[in-house]
Amino acid sequence: MTAYIVRRLLYALPILVGVNLITFALFFVVNTPDDMARMQLGAKRVTPEAIEKWKAERGYDRPLLWNGSAAGAGKLTDTIFFQKSVRLFAFDFGNADDGRNIRHEIVSRMVPSLALAIPVFLIGIAVNVTFAMLMAFFRATYIDFWGVVLAVSMMSISTLFYIIGGQYLVSKVWSLVPISGYQPGLDSARFVLLPVLIGVVSGIGGGARWYRTVFLEEMGRDYVRTARAKGLAETAVLFRHVLKNAMIPILTGAVVVIPLLFMGSLLAESFFGIPGLGSYTIDAIQAQDFAVVRSMVFLGSFLYIVGLVLTDISYTLVDPRVRFE
């Protein structure tokens with residue numbers, strides 16, 4: 001197991017380098033360092049001297065990928081890509097283009113993101129699995145039929161509809177919770193209650209339909225027929241056998257969303273004014289702040305790889321047949 005984990009982490013290095021290279025290329029295809037300087041300086045007529053000064057202060061005065069004027073290894077190392085990307089592997093994110101420390105922003109914004117993402121994650125799994133088991137238990141009945149119709153209908157509705165409709169109905173008409181904003185501490189509960197509710201409701205359709213398919217596939221296997229032949233009640237078969245053996249696909253769908261717990265929800269945080277990592281990323285994209293965008297993409301890629309490794313490890317906990325040589 002240890003050797004397997006080490007190999008997976010080593011495989012992650014070229015993946016992270018490739019992700020950084022693609023992000024770098026896509027960003028600078030659209031924005032040159034001169035464009036970034038003009039936007040950050042915020043003036044209609046910026047002098048060339050001011051642009052060069054801004055670039056020199058932030059390390060954008062070097063060539064992008066290849067420095068033909070440097071000697072030896074400096075042709076690769078004395079470039080924007082190398083200088084900005086290598087320190088990410090030590091989780092040294094540096095400063096944003098506006099001068100603020102990126103690590104400090106990540107740490108301070110992680111709490112609001114987790115306050116929103118963790119309840120959505122836990123409650124969502126519980127609701128989706130329960131709804132799916134209900135449809136599987138009453139399979140081929142009107143409950144199952146209308147449950148699938150409801151799930152497909154909910155899948156077909158955009159998340160924006162849930163957000164805007166929830167804000168209008170719950171916040172504006174009923175005035176139960178604030179329409180947007182965030183307060184730290186215990187007061188955060190009334191600000192994240194509506195985003196959590198919308199996050200859970202908007203995910204029921206796809207999640208329940210997926211888990212229903214998993215449960216129905218397991219219910220058609222030989223061990224289920226054997227359990228029924230022994231006289232076990234349908235509820236016992238469903239909870240003691242089907243649910244246990246369906247844990248691998250459930251874990252696959254659950255553990256890989258770990259990056260979202262840290263990265264936050266882009267739409268929800270933006271619409272509800274929650275100062276989390278999702279809104280931080282959106283603001284950085286709008287401001288063309290490459291330092292923040294690069295850091296958030298790297299962090300998201302790293303957490304996704306960690307999630308995949310944890311998924312593989314969790315397989316061995318729920319299924320003794322899974323072993324890594």
Side-chain angles (χ1 to χ4, degrees), residues 1-29 59 62-67 70-96 101-107 109-110 113-114 117-118 121 125 247-264 266 277-278 280-281 284-285 289-325:
M1 174 66 74
T2 302
Y4 171 79
I5 295 175
V6 171
R7 287 199 307 269
R8 287 296 299 268
L9 294 177
L10 290 177
Y11 292 157
L13 293 177
I15 295 175
L16 291 175
V17 172
V19 168
N20 274 278
L21 184 59
I22 294 173
T23 305
F24 181 87
L26 291 176
F27 193 92
F28 281 104
V29 163
R62 300 180 177 90
L64 295 179
L65 293 170
W66 181 261
N67 191 345
K75 294 182 181 296
L76 288 174
T77 59
D78 192 18
T79 60
I80 295 178
F81 175 75
F82 188 88
Q83 296 293 329
K84 299 292 185 181
S85 299
V86 170
R87 62 184 183 183
L88 291 178
F89 290 88
F91 296 97
D92 179 12
F93 302 115
N95 293 329
N101 185 270
I102 297 177
R103 177 179 292 183
H104 174 74
E105 292 291 327
I106 291 175
V107 172
R109 291 171 177 268
M110 186 179 296
S113 288
L114 292 177
I118 289 180
F121 173 67
I125 289 180
M247 285 304 296
I248 282 185
I250 291 176
L251 286 172
T252 302
V255 181
V256 295
V257 303
I258 286 179
L260 300 179
L261 300 182
F262 292 90
M263 299 300 293
L266 301 180
L277 295 176
Y280 185 48
T281 305
I285 294 173
D289 194 325
F290 174 64
V292 176
V293 174
R294 180 191 66 246
S295 299
M296 298 307 295
V297 170
F298 177 86
L299 184 60
S301 302
F302 176 79
L303 292 175
Y304 188 78
I305 292 171
V306 171
L308 292 178
V309 174
L310 292 178
T311 303
D312 292 342
I313 296 175
S314 64
Y315 288 167
T316 64
L317 301 178
V318 300
D319 191 345
R321 298 170 299 176
V322 178
R323 289 291 182 268
F324 301 107
E325 299 298 337

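Positions are given from 1, in the same order as the sequence printed here. Values in this document were obtained by computation on a predicted structure and should not be read as measured data. Only heavy atoms go into these numbers, but all of them, side chains included; no hydrogens, no water, no symmetry mates.
- The minimum heavy-atom distance between Ser301 and Leu16, with the atom names listed, is CB-CD2, 3.7 Å.
- Taking CE of Met110 as the reference point, atom CD of Glu105 lies at 12.0 Å (rounded to 0.5 Å).
- Contact between Phe82 and Thr77 at its shortest, heavy atoms only, is CD2-O, 3.3 Å.
- In this structure, Ala96 and Ala291 approach most closely via the heavy-atom pair CA-CB, 4.0 Å.
- With a 6.0 Å radius and a threshold of 12 heavy atoms from other residues, nucleotides or ligands, Tyr11 has its OH atom at or below the threshold.
- The CG atom of Asp289 sits 10.0 Å away from the CG atom of Asn95 when rounded to the nearest 0.5 Å.
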If you apply the rule side chain to side chain contact (heavy atoms under 4.5 Å, CB included), what do you find for Leu65 with Phe24, and how did you get there?
CA-CA 10 Å; Leu65 293 170; Phe24 181 87; 3.7 Å; yes

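- For the side chain to side chain contact (heavy atoms under 4.5 Å, CB included) test with Phe81, the passing option among Leu64, Leu76, Asn20 is Asn20; the others fail.
- No side-chain donor-acceptor contact under 3.5 Å links Arg87 to the backbone of Gly94.
- Note that CG of Leu26 and CZ of Phe290 are 10.0 Å apart. Values are rounded to the nearest 0.5 Å.
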Could you walk me through whether Ile102 and Met296 pass side chain to side chain contact (heavy atoms under 4.5 Å, CB included), step by step?
CA-CA 9 Å; Ile102 297 177; Met296 298 307 295; 5.5 Å; no

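- Asn67 contributes a side-chain N or O that, together with a main-chain N or O of Asp78, makes up a donor-acceptor pair within less than 3.5 Å.
- Here the CD atom belonging to Gln83 is positioned 4.5 Å from the CZ atom belonging to Arg62, to the nearest 0.5 angstrom.
- Nearest heavy-atom pair across Arg294 and Ser85 is CD-OG, 4.3 Å.
- In this pair, Phe89 and Phe298 present their aromatic rings perpendicular. The plane angle is above 60°, beyond the 30 to 60° band.
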